[in-house]
Amino acid sequence: SLSCQAHTPPAFPLPHSNSIHLLLHQAKHTLALSSPMAVAIAEAPFHVLAVDDSVLDRKLIERLLKTSSFQVTTVDSGTKALEFLGLHDEDASISSVHQDVEVNVNLIITDYCMPGMTGYDLLKKIKESSSFRDIPVVIMSSENIPSRINRCLEEGANEFFLKPVRLSDMSKLKPHIMKSRCKEHCHQDEDLLSNSETNPTNNSSSSSDTITISSSNPTDNSSGDTISSSNPTDNSSG
Amino acid sequence: MDYSNLRRQAASLKKGLFDQGHLDEQFRQVEDLQDEASPNFVEEVVVVFFKDSGRLISNLEQALEKYPRDFNRWDAYMQQLKGSCSSIGASRMKNECMSFRDNCGQRSVEGCMGSLQKLKREHAILRQKLESYFQVTLEAPPCQSWCHDRWIISINLLTDVCMFTMQLLRQVGPAGAATRPAM
């Protein structure tokens, strides 16, 4: 399911945006110069998209991810993965403008050997897309072939898991997600900076939902950008 | 109902599966994923495995007939099956898959056929053993807490008390008249 499960009740209604980090950024950009206020943000579990043509392996990876406190969506092909993300197969560089559901995926984990579109092909499409190139991609394979592993890493894969995937492998995922969110933050910093110079009213985000923020205590949070993760049921011990 | 006996039986069946090499460490990894949120996970996985592997074996057999000496195709089918065996820890089956792929590499039709027969036999044995195991584990659910044990003990005690009372009543007989044992 795509519903966000908040661990703590949000202080204000959250829109479905592509990035909670972007939301924070917009809030900062809009309010930083005015009165300082604390913005409470509910931390949703990270959402992983798992791609595997084997029904057995899909069942296992889903359980592995859920046990490690991830929200999971599984699909059985690279094509379906692209559909889910809203990317067109033929031209993955253009994301669908009229998506019915806004997708928030924090990591993609895919099998290498799949009929039709391989995991490697999927990796390439994702890295070609402007909307999703920063999402970490993990490749899984039952065969330990160094040239294959290197090819994937060179194409931008963040990690390579040898199957069968274990619970202990799950702990390697979160660091990649956190790193990519920092990278995204930097990209948006640059975007907002360049946009405000040329056109101050230009909103670089794809989300046009309005944000209602209630002020609580007047502590200035503009220095600390850390979003604490709350995963109390993290069972990622092997 | 003596659950501890059934649980001993289940443990013994499982130990046999590991000792005889039918299952390996990966099966324990799958078991570790079972919890209160997913209490039948292992059984569900096993069911999916046998459905999936049955289908793959059937596809392979058709391919052996329809595409003679197409070792690449046969190998591709077997790669999928080997992956499934590996995911669940079906060790003996996995070995036969590897043997089949070796025979594909050596382009030996006879070797492939031999490996496939062995694979099917291991498939059947594993299915039968796991079915027995699950049958026993379902009859004797694992003890989740001391409350469960106490409950079982209470039921047993109550049953014993009832039986004893009934026996007493039979001896006493209708209208309180005692049935004296023959002297």
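We use all heavy atoms of the structure for the numbers below, so side chains are in, but hydrogens, waters and symmetry mates are not. Each chain gets a letter, A, B and so on, in the order the sequences are listed, and its residues count up from 1.
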Would you call the rings of Trp74(B) and Phe100(B) parallel, tilted or perpendicular, taking 30° and 60° as the class edges?
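Ring orientation of Trp74(B) relative to Phe100(B): tilted.
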Is the shortest heavy-atom distance from the side chain of Met178(A) to the side chain of Phe46(A) under 4.5 Å?
yes
I want to check something: taking the side chain as every heavy atom from C-beta on, are Leu64(A) and Phe70(A) in contact at a cut-off of under 4.5 Å?
no
Between Glu44(B) and chain A, which part of the residue has a heavy atom less than 4.5 Å away: side chain, backbone, both or neither?
both
Heavy-atom pairs under 4.5 Å with chain A, option from Leu33(B), Asp52(B), Val48(B) with the top count
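Of the candidates given, the most pairs with chain A belong to Leu33(B).
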Interface residue of largest heavy-atom contact number with chain A, from Gln79(B), Lys82(B), Gln80(B), under 4.5 Å
Gln79(B)
Establish, from distance only, whether the side-chain atoms of His123(B) and Ser53(B) form a donor-acceptor pair under 3.5 Å.
yes
